[in-house]
Engineer: 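Would you mind keeping the following structure in view while I ask a few things?
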Amino acid sequence: MPAEARVAAYCWDTVAAELDNAGCAMLPGLLSPEECRGIAALYPEEGHFRSRVVMARHGFGKGEYRYFSYPLPSLIGDFRTALYPRLAGIANGWNRRMGIAEHFPDTHGAFLDRCHAAGQTRPTPLLLHYVEGDYNCLHQDLYGDIWFPIQVAILLSEPGADFTGGEFVLTEQRPRMQSRTEVVPLRQGDAVAFAVNHRPVRGTRGDYRVNLRHGVSRLRSGMRHTVGIIFHDAR
């Protein structure tokens with residue numbers, strides 16, 4: 001099934017409500033097991049990527065990832081294009097609630113034109129590779145002045161069969177309150193859409209802003225691959 005048809009099959013009112021309530025929303029079964037294995041198998045093939053990052057060298061955690069080069073693999077590019085318009089409406093609603101003037105265009109191509117005009121021309125979709133003992137510290141994927149406030153991660157490996165541990169973790173820092181943690185129970189092929197940096201929360205006196213970070217807990221055994229779809233490009 002084409003990417004656009006798969007994306008359209010989800011109830012986006014429910015996705016928007018979950019993002020509003022928790023800062024993240026699952027998209028179960030976005031990819032098939034065969035597609036997951038096909039993307040994961042790209043990791044050793046240098047020609048698909050523009051750079052490799054070893055996390056321990058930068059204090060990011062332990063493990064590694066590669067940024068794809070343009071042109072993106074068709075499946076990843078198709079989902080990046082298909083997911084963006086659905087999320088742009090949610091992102092624009094968040095900006096209105098937080099009093100942020102920026103309005104995101106309807107199509108991903110138009111948004112990339114904005115990134116490229118600002119000097120952000122390097123693709124950001126990435127493929128992450130973890131083995132036993134690896135983890136990803138809490139972080140935010142911001143690569144320049146222009147960034148899209150929601151991103152998507154797709155788990156390519158099967159928990160319990162390919163690996164144990166390695167849970168996707170999201171933390172939310174609320175003003176004058178202790179931080180809240182969300183652990184997302186992904187299976188192979190499931191995706192999670194989540195806030196990149198901040199989002200609005202409805203309070204008794206109106207909306208207020210909370211800051212979010214995401215990461216991956218320590219892998220206890222096996223090997224885990226994830227593809228990250230980030231909608232803004234990097235400097």
Side-chain angles (χ1 to χ4, degrees), residues 2-8 10 12-13 15-16 18-20 23-25 27 30 39 48-53 58 60 65-128 139-154 170 172 191-201 207-214 226-235:
E4 175 55 43
R6 283 190 246 182
V7 169
Y10 294 101
W12 284 92
D13 287 342
V15 173
E18 290 178 354
L19 279 163
D20 278 348
C24 62
L27 303 173
L30 185 64
I39 296 173
H48 293 286
F49 303 98
R50 64 174 176 85
S51 66
R52 171 175 170 261
V53 177
H58 307 278
F60 297 164
Y65 54 88
R66 292 179 183 261
Y67 287 106
F68 286 100
S69 58
Y70 281 134
L72 300 175
S74 58
L75 192 64
I76 294 170
D78 289 349
F79 275 107
R80 198 184 191 206
T81 299
L83 286 162
Y84 171 87
R86 306 283 177 169
L87 297 172
I90 299 169
N92 283 327
W94 282 3
N95 277 1
R96 285 192 297 271
R97 290 172 59 188
M98 292 185 292
I100 298 172
E102 183 176 12
H103 180 86
F104 298 101
D106 293 336
T107 68
H108 191 238
F111 177 63
L112 284 183
D113 287 343
R114 184 181 297 179
C115 291
H116 295 173
Q120 296 177 210
T121 59
R122 296 190 298 164
T124 51
L126 68 163
L127 184 55
L128 300 105
H139 65 284
Q140 299 171 323
D141 291 312
L142 306 175
Y143 299 105
D145 294 333
I146 295 175
W147 46 270
F148 190 72
I150 302 170
Q151 71 188 68
V152 173
I154 310 169
L170 190 72
E172 186 174 87
V192 56
F194 58 96
V196 172
N197 182 12
H198 52 237
R199 72 179 185 93
V201 172
D207 290 313
Y208 62 94
R209 189 181 303 191
V210 298
N211 294 316
L212 296 100
R213 296 179 182 273
H214 64 277
T226 308
V227 64
I229 298 179
I230 298 166
F231 296 94
H232 46 276
D233 277 354
R235 286 192 178 277

Engineer: Any side-chain to backbone donor/acceptor pair from Arg6 onto Leu30? Under 3.5 Å, distance only.
Structural biologist: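 Flag set: sc Arg6 to bb Leu30 pair under 3.5 Å.
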Engineer: Has the side chain of Thr226 got a donor or acceptor atom that lies under 3.5 Å from a matching backbone atom of Leu128?
Structural biologist: no
Engineer: To check you understand the geometry: which heavy-atom pair defines the closest contact between Pro125 and Leu72, and what is its length?
Structural biologist: CG-CD1, 3.9 Å
Engineer: Which atoms form the tightest heavy-atom contact between Ile154 and Ala191, and what is the distance?
Structural biologist: CG1-CB, 3.8 Å
Engineer: So, Gln120 side chain and Ile146 main chain: donor-acceptor pair closer than 3.5 Å or not?
Structural biologist: yes
Engineer: Under a 3.5 Å distance rule, please check whether Arg199 uses its side chain to pair with a backbone N or O of Asp20 as donor and acceptor.
Structural biologist: yes
Engineer: Spell out, as yes or no, whether a donor-acceptor pair under 3.5 Å connects the side chain of His139 to the backbone of His214.
Structural biologist: yes
Engineer: Taking the six-membered ring for Trp, are Tyr84 and Phe231 parallel (under 30°), tilted (30 to 60°) or perpendicular (over 60°)?
Structural biologist: tilted
Engineer: Check whether Arg122 reaches the backbone of Arg235 with its side chain - one donor and one acceptor, N or O, closer than 3.5 Å.
Structural biologist: yes
Engineer: So with a 6.0 Å cut-off around CG of Asp145, is the heavy-atom count from everything else above 12?
Structural biologist: no
Engineer: Please report the shortest heavy-atom distance between Glu102 and Asn95, naming the atom on each side.
Structural biologist: O-ND2, 2.9 Å
Engineer: Please check if the side chain of Trp94 supplies one atom and the backbone of Ile100 the other of a donor-acceptor pair under 3.5 Å.
Structural biologist: no
Engineer: Quick check: closest heavy atoms across Phe68 and Arg50, and the distance to 0.1 Å?
Structural biologist: O-CG, 3.7 Å
Engineer: Side chains of Asn197 and Gln140: donor-acceptor distance under 3.5 Å anywhere?
Structural biologist: yes
Engineer: Take the angle between the ring planes of Phe60 and Tyr65 and call it parallel below 30°, perpendicular above 60°, tilted in between.
Structural biologist: parallel
